[in-house]
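To start, the structure itself, in structure tokens.
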Amino acid sequence: MPVEKLTRAFYDRDTLEVARDLLGCHLIHRVAGEELVVRITETEAYIGAVDKACHAYGGRRTARTETLYARPGTAYVYLIYGMYHCLNFVTEGEGTAAAVLLRGVEAVEGADRMARNRFGRDLSQLTAYQRKNFLNGPGKVCKAMAITRAHNGLDLTGETLFLCGGGLPAGEIHAGKRIGIDYAEEAVDFPWRFSI
DNA sequence: TTCAGGATGTACT
DNA sequence: GTACATCCTGAAC
């Protein structure tokens, strides 16, 4: 890797800043002797204190949301719609519920393994449609990267699942409204979705 | 290229 | 029982 692993201090900051700064960073998952590496292209921020779209809105504590209160630099993984996983990076201080959802990436290393994880076929055997929509959604990223609820609570400063920075010119970052949270009233309009 | 509908299980009411 | 930070397929355009 040309750049250094992100430390806990990186995650221990304002969630919107972390969400922006994660763009362009590499996510590495070491699994079964292989290294799967992707470059982050899209994120969304979720901040429990003020955000009705956040699982831990208003200080809500349940078995599921407990991880959102963990120390910064922790992985929060949950199951959605009964069959897909979503990976988040916990931010801000311990006891504060906030995280960044990983929404889209592009493959850097291990693309064939990711294609097999997702479609059971090599990259070269995918249809044009599958190739175009390879890693552009949170459920797709987790399937390709072999990330499940078993990774919930994992320390992102360890050796299994971690990130390397990073840094993009501000002009390359786009901010817009989040998607898939139509129920969240005024929070629907928060410009907390970031992409390259 | 867009669209509707279904799959599927856990958390929470 | 209901909703859910989603994705895939197949049909219509």
Side-chain angles (χ1 to χ4, degrees), chain A residues 11 14-16 18-20 22-23 27 38 40-70 72 74-92 96-107 111 114-121 123 125-154 156 161 163 174-196:
Chain A
Y11 304 96
D14 177 82
T15 302
L16 296 177
V18 176
R20 276 188 291 259
L22 280 171
L23 295 175
L27 170 68
V38 294
I40 296 175
T41 57
E42 189 174 356
T43 62
E44 283 183 357
Y46 287 83
I47 303 174
V50 295
D51 180 8
K52 287 177 182 166
C54 184
H55 292 156
Y57 170 63
R60 181 183 186 78
R61 286 190 102 114
T62 66
R64 180 176 64 159
T65 65
E66 200 56 33
T67 308
L68 279 169
Y69 295 89
T74 300
Y76 170 49
V77 185
Y78 64 91
L79 184 70
I80 189 65
Y81 296 113
M83 58 185 94
Y84 297 107
H85 299 275
C86 290
L87 171 62
N88 298 247
F89 310 117
V90 175
T91 58
E92 305 193 22
T96 302
V100 175
L101 168 68
L102 180 61
R103 184 160 256 299
V105 302
E106 57 191 32
M114 295 184 217
R116 283 194 291 273
N117 286 346
R118 225 149 97 49
F119 301 108
R121 290 187 283 165
L123 194 63
Q125 298 175 310
L126 301 187
T127 66
Y129 184 82
Q130 288 172 327
R131 208 179 290 258
K132 185 181 175 190
N133 298 290
F134 191 26
L135 298 168
N136 59 343
K140 302 174 188 179
V141 172
C142 286
K143 186 96 188 287
M145 294 288 283
I147 290 167
T148 70
R149 270 174 304 171
H151 298 84
N152 185 43
L154 195 67
L156 293 169
L161 186 66
L163 291 92
H174 173 261
K177 296 180 183 181
R178 294 174 296 176
I179 59 180
I181 54 161
D182 290 345
Y183 61 90
E185 302 180 20
E186 81 283 348
V188 166
D189 295 323
F190 294 173
W192 289 359
R193 180 186 184 193
F194 304 99
S195 57
I196 298 178

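These figures come from a predicted structure and were not determined experimentally.
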Grab the CG-P distance between A/L79 and C/dC7 for me, whole Å please.
13 Å
Report the residue (A/Y76 or A/F119) whose heavy-atom-nearest nucleotide on DNA chain C is the more 5′ of the two.
A/Y76
Round to a whole Å and report the spacing from NZ of A/K52 to C1' of C/dC4.
18 Å
Using Watson-Crick or G-U wobble geometry with both distances under 3.5 Å, which nucleotide pairs with C/dA5?
none
Spacing of A/R64 atom CZ relative to C/dA3 atom P, expressed in whole Å
15 Å
Taking OP1 and OP2 of C/dT6, is either one under 4.0 Å from a side-chain nitrogen or oxygen of A/R103?
yes
When all nucleic acid strands are considered with a 4.0 Å heavy-atom cut-off, which category describes A/L101: base, sugar-phosphate, or nothing?
base
Mind checking whether A/M145 and A/L87 have side chains closer than 4.5 Å, heavy atoms only?
no
Taking the side chain as C-beta and beyond, is there a heavy-atom pair between A/N88 and A/L102 under 4.5 Å?
no
Expressed in angstrom and rounded to an integer, what is the separation of A/K132 atom NZ from C/dC8 atom P?
14 Å
Need one value for A/R149: base, sugar-phosphate or nothing, where a base atom within 4.0 Å counts as base even if backbone is also close, heavy atoms only.
sugar-phosphate
Whole angstroms only, please: what is the NE2-P distance between A/H55 and C/dA5?
4 Å
OH-CH2 distance between A/Y46 and A/W192, expressed to the nearest 0.5 angstrom
10.0 Å
Side-chain donor-acceptor pair under 3.5 Å between A/H55 and A/Y76, yes or no?
yes
By the 4.0 Å heavy-atom rule, please label A/N133 as base, sugar-phosphate, or nothing.
nothing
In whole Å, what is the span from the OH atom of A/Y81 to the P atom of C/dT6?
5 Å
Just to be sure I understand the rule, does A/K143 reach a base, reach only the sugar-phosphate, or reach nothing, if contact means heavy atoms closer than 4.0 Å?
nothing
Shoot me the first and last contacting nucleotide of DNA chain B against chain A, ordered 5' to 3', at under 4.0 angstrom to non-hydrogen atoms.
B/dT1 to B/dT13
Tell me, do A/L22 and A/V100 make a side-chain contact under 4.5 Å, heavy atoms counted?
yes
Below 4.5 Å, heavy atoms only, C-beta onward: do A/Y11 and A/E92 meet side chain to side chain?
no
Rounded distance (Å) that lies between atom C1' of C/dC7 and atom CG of A/L135
13 Å
Between CZ of A/R118 and P of C/dC8 the distance, given in whole Å, is 5 Å
NZ/NE/NH1/NH2 to OD/OE distance under 4.0 Å, A/R178 and A/E44
no
